[in-house]
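Only one structure is covered here, and it is reproduced in the block below.
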Amino acid sequence: VQLQASGGGLVQTGGSLRLSCAASGFSLDRYAIGWFRQAPGKEREGVSCVSSSGGTTYYGDSVKGRFTISRDNAKKTVYLQMNSLKPEDTAVYYCATPAERFWIPSVWADVDEYVYWGQGTLVTVSS
């Protein structure tokens, strides 16, 4: 099981980026995928999560209304569209999966729910 996050970069406040999480070694359509981020000196924070079918999505309070998660199971890729970016969105962004079918999370943003993690992609928002 491998997850590869990409799409990070440097953007100005108010700008947009789209992150991608590409999966290999397993059937992406079986599992939920979550996005997390970690800023220097801070704990890893849940950003968003999408169910295996794409029918259920979750968002952290700090990104609601600005970020949109989606998935294309045919392309084995999950996306995180990030709009209206703020300096406080600066972090390394990771995608992860609980690798469990019919997963119903107790707390979707709990890092312990996730088994496999990608390597992270850096997002820097300048003020």
Side-chain angles (χ1 to χ4, degrees):
V1 174
Q2 282 194 324
L3 295 171
Q4 179 85 22
S6 62
L10 175 63
V11 64
Q12 291 186 332
T13 297
S16 298
L17 282 174
R18 188 177 79 159
L19 305 184
S20 298
C21 176
S24 61
F26 70 102
S27 297
L28 182 72
D29 58 354
R30 293 186 176 187
Y31 303 133
I33 299 291
W35 282 100
F36 290 77
R37 66 187 181 187
Q38 189 165 20
K42 294 189 176 181
E43 292 188 353
R44 196 163 293 191
E45 171 192 20
V47 175
S48 185
C49 179
V50 61
S51 64
S52 56
S53 68
T56 301
T57 57
Y58 307 88
Y59 294 96
D61 289 341
S62 61
V63 306
K64 281 180 182 176
R66 301 188 298 123
F67 291 10
T68 303
I69 193 169
S70 62
R71 65 191 300 153
D72 185 336
N73 285 338
K75 294 183 177 180
K76 303 186 78 172
T77 303
V78 172
Y79 304 99
L80 184 68
Q81 178 66 44
M82 306 187 297
N83 298 329
S84 302
L85 284 162
K86 306 174 181 179
E88 50 264 43
D89 294 317
T90 295
V92 177
Y93 284 71
Y94 301 89
C95 56
T97 180
E100 178 181 320
R101 297 198 73 181
F102 313 117
W103 178 67
I104 299 176
S106 299
V107 179
W108 70 267
D110 184 351
V111 296
D112 292 332
E113 291 269 3
Y114 297 81
V115 176
Y116 297 104
W117 293 79
Q119 87 291 356
T121 185
L122 177 62
V123 172
T124 304
V125 184
S126 63
S127 57

Between [X] and [Y], is there a shared hydrophobic cluster once you connect ILVMFWY residues whose side-chain heavy atoms come closer than 4.5 Å?
X	Y	value
Tyr93	Tyr116	yes
Leu17	Val78	yes
Val111	Ile33	no
Val92	Phe67	no
Leu19	Tyr94	no

So, Lys86 and Asp89, do they make that salt bridge, N to O below 4.0 Å?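 Judged by the 4.0 Å cut-off on N to carboxylate O distance, Lys86 and Asp89 do not form a salt bridge.
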
Considering all heavy atoms of both residues, which atom of [X] and which atom of [Y] are nearest to each other, and what is their separation?
X	Y	result
Ser51	Gly55	OG-N, 3.2 Å
Ala96	Leu3	CA-CD1, 3.6 Å
Ser127	Pro87	CB-CG, 3.9 Å
Leu80	Ser48	CD1-CB, 4.1 Å

Show me the pairs that pass ring pair (Phe, Tyr, Trp, His ring centres under 6.0 Å) and involve residues 37-65, at least two apart or across chains. Tyr58-Trp108

Any pair with a residue in residues 1-38 that passes ring pair (Phe, Tyr, Trp, His ring centres under 6.0 Å), sequence neighbours left out, goes on the list, sorted by first then second residue, please. Phe26-Tyr31, Phe36-Tyr114, Phe36-Trp117

For Ala32, does its backbone N or O pair with a side-chain atom of Ser52 as donor and acceptor, under 3.5 Å? no

Nearest-0.5 Å distance, [atom1] of residue [X] to [atom2] of residue [Y]:
X	Y	atom1	atom2	result
Asp110	Cys49	CG	SG	11.5 Å
Thr56	Ile104	OG1	CD1	9.5 Å
Leu85	Gln12	CG	CD	11.5 Å

What pairs with Cys21 under disulfide bond (SG atoms under 2.5 Å apart), at least two apart in sequence or on another chain?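 Cys21 satisfies disulfide bond (SG atoms under 2.5 Å apart) with Cys95 only.
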
Atom pairs and distances, donor-acceptor, side-chain atoms in residues 119-126, under 3.5 Å, two or more places apart:
{"residue": "Gln119", "atom": "OE1", "partner": "Ala5", "partner atom": "N", "Å": "3.4"}
{"residue": "Gln119", "atom": "NE2", "partner": "Ala5", "partner atom": "O", "Å": "2.9"}
{"residue": "Thr121", "atom": "OG1", "partner": "Gly8", "partner atom": "N", "Å": "3.0"}

Going by the side-chain hydrogen bond (donor to acceptor under 3.5 Å, both in side chains) test, which pairs reach into residues 67-79, not counting sequence neighbours? Arg71-Asn73

Just grab all the side-chain hydrogen bond (donor to acceptor under 3.5 Å, both in side chains) pairs involving residues 15-29, residues at least two apart or on different chains. Ser16-Asn83

Is the shortest heavy-atom distance from the side chain of Glu45 to the side chain of Ser62 under 4.5 Å?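 Counting from C-beta outward, Glu45 and Ser62 do come under 4.5 Å.
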
